[in-house]
Amino acid sequence: MTRKKVHDKEFEIYIPNAEIQRVISEMAKKLNEDLANKDVIFLGILNGAFMFASDLFREITLDSQISFLKLASYAGTSSTGTVKRLIGINEDIFNKTVVILEDIVDTGVTLDNIIKQLKGYEPAEILVATMLFKPDAYTKDLVLDYVGLEIPNDFVLGYGLDYEGYGRNLADLYRVIES
Ligand code: 5GP
């Protein structure tokens with residue numbers, strides 16, 4: 001099945017899972033080489049990065065940790081809805097090499113927010129590994145250390161990414177068909 005309908009939108013297959021796995025293997029190989037002998041903790045950003053984090057971490061041979069974080073809106077009426085609080089940091093990341101695992105970097109606003117908050121915990125360094133990157137939408141100067149695939153500015157679905165909560169379970173990556 002190369003087409004999927006989720007709510008009101010129609011999607012077509014874009015990047016098959018086999019290609020995603022090939023890209024992840026390459027990224028894992030680089031991480032295993034680059035981060036040898038470092039005290040590494042991978043931090044997957046929920047919800048979208050759960051599938052990428054799982055597939056990537058399976059191929060990591062470093063003695064390392066993994067944990068998952070989530071951005072939550074501040075409670076209360078003064079929330080602007082734009083600044084989100086990072087929740088779920090239980091492991092001590094002080095002095096460690098942190099590798100943020102993101103499903104997709106679009107404008108970079110989310111990543112910028114995450115990095116700012118993580119810096120407060122004083123890790124040794126913060127690296128970024130993202131499965132997908134939309135360079136045309138990017139508005140930040142932050143270096144993306146590991147990028148799986150650069151994609152155009154289309155809305156994508158599957159491989160952990162949702163449309164209004166659905167479609168995360170699709171193994172392949174789909175893109176919206178503009179009607
Ligand atoms: P940014 O803050 O970089 O603009 O956006 C990051 C977040 O926007 C991602 O974590 C993801 O939740 C969402 N996002 C951006 N582009 C897409 C897309 O093409 N498909 C889906 N499903 N989510 C996206």
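Please read all numbers here as calculations on a predicted model, not as lab measurements. When a ligand or atom number is given, it counts from 1 through the structure's own listing order.
- Counting protein heavy atoms only, atom 23 (N) of ligand 1 is closest to L161 CD2, 3.7 Å.
- Annotation for V105 and E102: closest pair CG2-CB, 4.4 Å, computed over non-hydrogen atoms.
- A salt bridge is defined here as a Lys NZ or Arg NE, NH1 or NH2 lying under 4.0 Å from an Asp or Glu carboxylate O, and K38 with E125 meets this definition.
- Between D162 and ligand 1, at least one N/O pair is under 3.5 Å apart.
- Ligand 1 is approached by D103 to a heavy-atom distance shorter than 4.0 Å.
- In terms of polar-atom proximity, G108 is counted as a contact of ligand 1, with an N or O under 3.5 Å from an N or O of the ligand.
- With Y146 as reference, D34 is the one residue of T130, D34, V128 to meet the side chain to side chain contact (heavy atoms under 4.5 Å, CB included) rule.
- Aromatic rings from F42 and F57 are positioned such that their centres are separated by under 6.0 Å.
- Checked against the 6.0 Å centroid criterion, the rings of F50 and F68 do not qualify as a close aromatic pair.
- Ligand 1 is approached by F155 to a heavy-atom distance shorter than 4.0 Å.
- Between V156 and ligand 1, at least one N/O pair is under 3.5 Å apart.
- Protein heavy atom nearest atom 14 (N) of ligand 1, with residue, atom name and distance: I104 CG2, 3.9 Å.
- Environment of CG in D136: crowded, with over 12 heavy atoms of neighbouring residues, nucleotides or ligands closer than 6.0 Å.
- Checking T107, I114, D154, L132 against atom 1 (P) of ligand 1, the nearest heavy atom belongs to T107.
- With hydrogens and angles disregarded, no donor-acceptor distance shorter than 3.5 Å links the side chain of K30 to the backbone of E26.
- Atom 7 (C) of ligand 1 has as its closest protein heavy atom T110 OG1, 4.1 Å.
- With 3.5 Å as the limit, one finds a donor-acceptor pair spanning the side chains of Q21 and D55.
- Within a 4.0 Å radius of atom 3 (O) of ligand 1, the protein contributes one or more non-hydrogen atoms.
- By the 4.0 Å heavy-atom criterion, K134 is counted among the residues contacting ligand 1.
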